[in-house]
Every structure is written in C-alpha cells, then in structure tokens.
Amino acid sequence: MREIALLGSRIFVWPGATAEVGENVRLIAGGARAFVLTDAHCRKIASRVRLSLKAAGYKTALLAVPSGEKTKSLKWAEQVYEHLTGHSIERGSLFVAVGGGVVSDLGGFVAATYMRGLPLVLVPTTLLAQVDAAIGGKNGVNLWCGKNLVGTFHQPRAVFIDPLVLASLPKRDYIGGLAEIVKCAMIRDAELFAFVEANMQALLERQIPILEEVVFRCASIKAAVVEEDEKEAGVRAILNYGHTIGHALESVGRYATLHHGEAVAIGMEAEAIMAMELGIAPLETLAAQNRLLKMCGLPTRLKGLAIPAVLHRLAFDKKVKDGRPRFVMPEGIGKVRHGVDVPDDIVRLALKTVSA
Ligand SMILES: NC(=O)c1ccc[n+]([C@@H]2O[C@H](COP(=O)([O-])OP(=O)(O)OC[C@H]3O[C@@H](n4cnc5c(N)ncnc54)[C@H](O)[C@@H]3O)[C@@H](O)[C@H]2O)c1
Ligand SMILES: [Zn+2]
C-alpha cells in the first residue's frame, strides 16, 4: 500500500484496494452509516466496496445513477439528496463515491452541501479519475450553459485508488486517461516521461505493476501542485496544460464526438507548437511529446478544424485575463510556465498546423 497525504486527505494506491475500503475507512472516519453513490457501469465495483463497508460494521445504502456527463446536474444532485434523506443519512455518515469523474464530481458536490458537509470517500474507477478528478477536492455540476459552473472545494477524507478496476474500462476511456499522464510528465517530471515511454507496451496492456507505478506518480504530482495552491490562485494553473486549446476544441459543437483526453492531446500538441514558435521550447520537446502521444494511440491532428470558431471559444476560457486567454507553455520535458499571453497570429498558426 502506498500513500499520499494532501491537505488532510489520505490517498491510498494499491491493487485490490476496493475490497478493503471498509476496514481502512474505519481507521480514519467514524459514523454508523455509509451511503454509496455509483453509476450504471460501476455497479460491480461499488458492490464490492459496499460489502467491505458492511463487513466493517457500517449500515449501508447504494444508489446507481445513469452514467454519462448529463448526470452531473443539479437535477441529479437533488435526486441524491432525496435518497440521503430517505436512508436517514445524517451528519457524520460517510458518503462514498465509486465511479469516474462524473460520479466523483456529482458525489463530491452532494457530500459538500448536504447538511453543510458529509465526510467524503472517493473510489475512482477511470484512469482520468485516478490521476486527476478524484484528487484535489474540486467538485461540481454543469448548468445548461456551461460545464462545472456550480461547485465547491471539499477535500475527501480518503481516496482509494485500485488499478485492478481499470481492467473493465472501455479502451477509448483508457487511452483518453493516458493524455492526462503525458500532461503530468510534461508539467513536472521528465523521469516519468521516460518511464512511460520505456514501459508503453505494458501500460497499453494495463499491466498492474506499471499501472500502479504510473498512477501513483501522477496522483503524487497532482497532489503536490494542489498542496502548493489549493484554490487555484497561481501554480495550479499548470494542470491546465493542453486544456486551453483542448476545452475550446471540446466546446466547438461540431466536435462533440471528441473525448476529453483526445482534445487535450491535440491541445498539448498545439500549445507545444506555440511554445516552439515563441522560442520558449526547443523543437525536440515538441517532437518527443508528439512521439509519446502517438505511442499512446492519441490523436495530434484534427482535420477540418473550424479555426475561427475555436478562436471565438478561446475568448470565453475561464482563465481569460484582461480579455486574453492565458496559456501554459512547455519550456522542456517536465517544465512549464503559466499565464503566457500568446499573440493571435501564433495561436492561429498552431491551430492551422494541427488541422492539417
Ligand atoms: N474535479 C476535478 O478536479 C476534475 C478533474 C478532471 C475531470 N473532472 C470531471 O470528470 C468527468 C470525466 O470523468 P471520466 O472521464 O472518468 O468520465 P465518466 O465518469 O463519465 O466515466 C467514463 C465512462 O466509463 C464508465 N466507467 C467508469 N469506470 C469504469 C470501469 N472501471 N469499468 C467500466 N466502465 C467504467 C462510466 O460509467 C462512463 O460511462 C468530467 O465531468 C470532468 O469535468 C473533474
Ligand atoms: Zn483533463
């Protein structure tokens, strides 16, 4: 068992963790009841977690919501509140979210707000949730007009990361998660970059020792960045590498079929091109990142990109300052700077390159 400490929450990584949540949670949190939230595709994993909670003496209830981004809504938050009331969940009862980023964001939001806050336990089941969404204490739901517009910061008491649960994850979701791993290596850890490259085949085969190592190192990077800047006043922005362009690509309606990780991969390619054009990163950095993204099976190009629509979207980015989007730029492998104002012609050039 490996552990990362983050702002009062304890993040555990070990194969088989899901079957041992109950006994370990007992050592951290009290309470007599535990409410388990999951989604339709994670029922089996959630049942295992629930059994372990029962064995540890908790009175349990379980709710499985439909899977998919649409469930991250105030409407579903209200449904979950109703179930909490129905199951006599009180202050001090545990709230356990078992699923991908959708379940951890919705569950985290409900746990943060119900009775002004329940102790939260997260059991992330997607690669993205294990290295990103379940770490850092941010939660949220979407409004019709935008993603993650309503949410809070609520650190979980514990996060249980079990690489074994990734075996059943659909291939496209798994590959999408690899984009966040490349991002982690690019922003903070050249050694991790080399490790991922050297062990790519094992990673693609989801071999447990390699997966455990990579997930642990990425979760540690995210935790370290969050520890430095919990409320996103400064350095936490580096976690958005590839996301400024990536989010714009995702939200240009025509590309609704693009997965988050795929958009981020193309975003990292575009942002590395900008860095090279600005003389911030050498060509070798762009080439090495491009090679690793391709090895992962991630795209670095998007044919027929509607550049004006993407530029328009960029103006609405959450990180806009003085009316201009800010970018995270690589200086080399494992080192980035943030808050960079990139001239429009360079942004356009990078977009043109990735749309070729
Ligand atoms: N709070 C944060 O800091 C943060 C960070 C990054 C992303 N997010 C959020 O995370 C969400 C995306 O998360 P995601 O990519 O995990 O998507 P997701 O939760 O929708 O999961 C993807 C799909 O995989 C299924 N699934 C999950 N685990 C499985 C398993 N082990 N086996 C089989 N199927 C499984 C899900 O049911 C779903 O169909 C977005 O809403 C995003 O905004 C939040
Ligand atoms: Zn992301």
Side-chain angles (χ1 to χ4, degrees), residues 2-14 17 97 99-105 107-108 120-140 148 151-163 165-166 173-174 176-193 195-196 203 210-244 246-247 260-261 264-265 267-268 271 292 296 318-319 328 330 333-338:
R2 293 204 264 183
E3 184 176 342
I4 306 158
L6 168 63
L7 299 165
S9 68
R10 301 179 66 178
I11 301 163
F12 301 99
V13 184
W14 84 94
V102 164
V103 171
S104 54
D105 271 8
L120 172 67
V121 171
L122 297 177
V123 185
T125 64
T126 63
L127 188 52
L128 177 127
Q130 295 193 343
V131 299
D132 192 355
I135 294 163
K138 278 209 277 186
N139 59 54
N148 300 324
T152 79
F153 287 93
H154 184 60
Q155 291 296 342
R157 291 285 174 86
V159 182
F160 292 90
I161 300 178
D162 182 351
V165 302
L166 300 178
D173 286 293
Y174 184 78
L178 294 177
E180 304 289 350
I181 287 169
V182 175
K183 178 196 79 178
C184 278
M186 283 298 295
I187 63 175
R188 270 280 162 102
D189 195 341
E191 201 191 293
L192 174 63
F193 191 97
F195 184 84
V196 169
L203 199 55
I210 297 298
L211 199 46
E212 182 187 359
E213 179 68 23
V214 169
V215 165
F216 174 76
R217 286 166 76 162
C218 290
S220 304
I221 290 171
K222 172 133 192 212
V225 173
V226 172
E227 184 97 45
E228 284 170 49
D229 175 23
E230 187 188 5
K231 300 278 162 71
E232 224 165 24
V235 72
R236 191 164 175 163
I238 69 172
L239 296 168
N240 270 319
Y241 175 49
H243 284 63
T244 310
H247 283 150
H260 176 71
V264 170
M268 286 192 282
E271 292 176 16
L292 194 61
C296 292
K318 266 190 282 186
K319 274 82 193 173
V328 180
I333 308 288
K335 194 162 187 291
V336 288
R337 66 173 81 151
H338 62 91

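Throughout, residue positions are numbered sequentially from 1 according to the sequence presented. Because the structure is predicted, anything quoted here is derived from the model rather than measured.
For the residue pair Y241 and K183, the shortest heavy atom distance occurs at O-CD, 3.7 Å. Closest approach of G101 and A133 over heavy atoms only: CA-CB, 3.9 Å. Heavy atoms only, all atoms of each residue included: I161 and A219 are closest at CD1-CB, 4.3 Å. Nearest heavy-atom pair, A158 versus F12, reported as atom, atom and distance to 0.1 Å: CB-CE1, 4.2 Å. Contact between V336 and P330 at its shortest, heavy atoms only, is CG1-CA, 3.7 Å. The shortest non-hydrogen separation linking G108 to L120 is CA-CD2, 3.8 Å.
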Residue pair V328, T244: steps toward the side chain to side chain contact (heavy atoms under 4.5 Å, CB included) verdict: CA-CA 8 Å; V328 180; T244 310; 5.5 Å; no
Under the criterion side chain to side chain contact (heavy atoms under 4.5 Å, CB included), I'd like the reasoning laid out for I238 against I187: C-alpha separation, chi angles, the key distance, then a yes or no. CA-CA 7 Å; I238 69 172; I187 63 175; 4.0 Å; yes
Run the salt bridge (Lys or Arg N to Asp or Glu O under 4.0 Å) test on E180 and K222 for me, step by step, so that the C-alpha distance in whole Å, both residues' side-chain angles and the decisive distance to 0.1 Å come before the verdict. CA-CA 10 Å; E180 304 289 350; K222 172 133 192 212; over 6 Å; no
Would you sort out whether I333 and M186 count as a side chain to side chain contact (heavy atoms under 4.5 Å, CB included), showing the intermediate values? CA-CA 5 Å; I333 308 288; M186 283 298 295; 3.8 Å; yes
From CA spacing to verdict: side chain to side chain contact (heavy atoms under 4.5 Å, CB included), D173, L128: CA-CA 8 Å; D173 286 293; L128 177 127; over 6 Å; no
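For E228, the CD atom counts as densely surrounded, since its 6.0 Å shell holds more than 12 non-hydrogen atoms of other residues, nucleotides or ligands.
A 4.5 Å side-chain heavy-atom check between V159 and L6 finds every atom pair outside the cut-off. No side-chain heavy atom of C184 sits under 4.5 Å from any side-chain heavy atom of D189. Two residues are said to be in side-chain contact when any heavy atoms from C-beta on lie closer than 4.5 Å; H247 and H260 meet this criterion. With a 4.5 Å cut-off on side-chain heavy atoms, Q130 and V165 count as touching. Residues P163 and V215 have side chains not in contact (no heavy-atom distance under 4.5 Å, counting atoms from C-beta outward). Annotation: side chain of F153 is not in contact with side chain of L7 (no heavy-atom distance under 4.5 Å). Residues L127 and I181 have side chains in contact (heavy-atom distance under 4.5 Å, counting atoms from C-beta outward).
Ring planes of W14 and F160: perpendicular class, angle over 60° (limits at 30 and 60°).
Of the possible polar contacts, one joining the D229 side chain to the G234 backbone as a donor-acceptor pair under 3.5 Å is found. For the pair E3 (side chain) and V13 (backbone), a donor-acceptor distance under 3.5 Å is absent.
Residues S104 and N139 have side chains that never bring a donor and an acceptor to within less than 3.5 angstrom of each other.
None of I4, L192, V131 except one satisfies the side chain to side chain contact (heavy atoms under 4.5 Å, CB included) rule with I221; the exception is L192.
Remark: R2 engages E212, E213, F216 in a side chain to side chain contact (heavy atoms under 4.5 Å, CB included) (not counting sequence neighbours).
Taking OG of S9 as the start and NE2 of H154 as the end, the distance is 10.5 Å to the nearest 0.5 Å.
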